[in-house]
Amino acid sequence: MRVLGIETSCDETGVAVYDSDRGLLAHALYSQAHIHAEYGGVVPEIASRDHVRKLLPLLDECLAQADCTRQDIDGVAYTAGPGLIGALLVGASVGRAIALSLGVPAVAVHHMEGHLLAPLLEPDPPKFPFVALLVSGGHSMLVEVSRIGAYRVLGETLDDAAGEAFDKTAKLLGLGYPGGPVLARAAKTGDPEKYSFPRPMTDRPGLEFSFSGLKTHTRNLWQAHCDEENAQADIAAGFQQAVVETLVIKCRRAMQQTRCGHLVIAGGVGANLQLREALSRAGRKYGWGVSYPRIEFCTDNGAMIAYAGYHRLRTGAFESEIIRARPRWPLTELESDTWTAYSSKT
Amino acid sequence: MAKLLAIETSSESCSVALSLDGESMEVHEHAPMRHAELLLPAVSRLLGEAGLPIAALDAIAFGRGPGSFTSLRIGIGVVQGLAWAADLPVVPCSSLAAVAQAAIDLTGAGSGRVCVAVDARMQEVFTAEFVCGPGGLAEAASAERVCAPSVLAHEATTPFVAAGNGFERFAELKDMAETAVACYPDLWPHAAVVARLALAWLEHHQPLPPALAQPVYIRNNVAVKPASD
């Protein structure tokens, strides 16, 4: 079965073709980040406008790379949420219409399920069950994945997502957008021990995150010390280290609690090298396997949607002719692997 | 070009038509915020009733706006998907022209110019002028623009026909409509009209590839860049 995947939930247009026998045949991505950078954050209307411009050329490019034609497509998967409603609707409208036009089934994919399953696209995929740390601009959560379709949320952020905290802190320090890469770059020349930072929510049990206090702490530090030499880099380094250590502590707790032997890191913040190194060290120390999707599959992409969609389609899931997009769609509402359970909550 | 599917979703109505050798069937529903739900079932229904596979169409016509951004993109996303998958070309049609055409159909050829004003939210209207051209078809007589109702109201001079919901939603335009030859504030862009205008367009133009099925927003300043320090 050959599945076309379409991702348009935020500021990246991603498409891919996944083949159940041959694996991922091709994927193509267009990032709008440079456009939104001028505004200091994602502008939803601009994101929607860009998706509707870029999606078809990207589909042509991807099919050419995959060396297949439209008639080779056996199913269409598109991200239906969570995300920006206008942006989601572009991918959902185009994707659902392609399926209707080709006379093949369509399936609405949960963006987070895509991220959770992305590591399975790698040559040496993690074995079930595993714990996934999902950290991106919109989400921070720890999820126990016992098999495809069976997800238990162990803990979530109570306020800002980790990526959001990076973005806001980078903006505060005048480093630009998107915050993750620019802050990590600035942190390279900084001393993380120069100023002290809290490790939020680590002094109490539980797997919840909170990053807004850390953000406020950073703002106060910046206001008090911005005139000091190298303050920008030192604060960036201290902030990054605080986030990384907090995530490592929570991951360790999740591994202890679930007794899983494998940790998977997914989502855009998973591209942060310091986080990767710290979690790999922890894995070696405590005896867990640690795996990451390749960097390009940490951030939003069409490959993970094609892959998750394939598994949904395989179990008989299909979308009616109603084009559905859900800006808010808790992972807890994504149950089991039957479409009835999937759709009865909508 | 005898077999056209037409989709028009720029307004609060969701409108789909199938035009076969000049004869058209239409599913048109006034259903604000329900385009995503109604559009594809209407397409399926029309094609099913005609017993026509999508690939048997010659082209897909679409109302390209201006209008409500989100519903417009749902319609155009569907046009893109249907056309791309079936390798069909597309034909754009102004959504304001579709409203003007409806007014011309009601008043006849001798009614002079038609001023269309459609609620663009943010206390503005999308507006343009049309005249009745050859074959009784609406022909653009001005550029399309977005402006405050008061700006448009001040421009009223020669006899005109008023069309579009702007003439009932804004006090200035209600006053302006009093001086009109006729006023039709309840005309919506219909897909069957889009199909008719698209057929006329095709007499002088080549249809476009699917990726050029794009909205015309008119309002393009949708965000403010932060001032640099």
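Proteins come first, then strands; the chains are lettered A, B, ... in the order of their sequence lines, and each starts at number 1.
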Quick one: are [X] and [Y] in side-chain contact, heavy atoms under 4.5 Å?
{"X": "B:Gln80", "Y": "A:Val90", "value": "no"}
{"X": "A:Leu63", "Y": "B:Trp84", "value": "yes"}
{"X": "A:Ile323", "Y": "B:Val78", "value": "yes"}
{"X": "B:Arg73", "Y": "A:His51", "value": "no"}

Which portion of [X] sits near chain A, non-hydrogen atoms under 4.5 angstrom:
{"X": "B:Pro215", "value": "side chain"}
{"X": "B:Leu40", "value": "both"}
{"X": "B:Gln214", "value": "side chain"}

Do you know the tightest heavy-atom contact between [X] and [Y]?
{"X": "A:Glu321", "Y": "B:Ser44", "result": "OE2-OG, 2.6 Å"}
{"X": "A:Leu100", "Y": "B:Val43", "result": "CD2-CG1, 4.2 Å"}
{"X": "B:Pro226", "Y": "A:Tyr39", "result": "CD-CA, 3.6 Å"}

Taking [atom1] in [X] as the centre, count heavy atoms belonging to other residues, nucleotides or ligands within less than 6.0 Å. Is the count above 12?
{"X": "B:Met33", "atom1": "CE", "result": "no"}
{"X": "B:Gln123", "atom1": "CD", "result": "no"}
{"X": "A:Arg70", "atom1": "CZ", "result": "yes"}
{"X": "B:Asn220", "atom1": "CG", "result": "yes"}

Portion of A:Ile85 that has a non-hydrogen atom of chain B nearer than 4.5 angstrom: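 For A:Ile85, neither part sits under 4.5 Å from chain B.
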Residue selection (most heavy-atom pairs with chain A, distance under 4.5 Å) from B:Asp87, B:Leu39, B:Leu47: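 Option with the greatest count: B:Asp87.
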Most contacts with chain A, counted as non-hydrogen pairs under 4.5 angstrom, among B:Ala86, B:Ala223, B:Pro209, B:Gly81: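 Going by pairs under 4.5 Å, I would pick B:Gly81.
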Closest-packed option against chain B by number of heavy-atom pairs under 4.5 Å, given A:Ser101, A:Ala92, A:Pro57: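 So the answer, after comparing A:Ser101, A:Ala92, A:Pro57, is A:Ser101.
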Max heavy-atom pair count under 4.5 Å with chain B, selected residue of A:Ile322, A:Val43, A:Asp60, A:Val52: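 Answer, by heavy-atom pair count under 4.5 Å with chain B: A:Val52.
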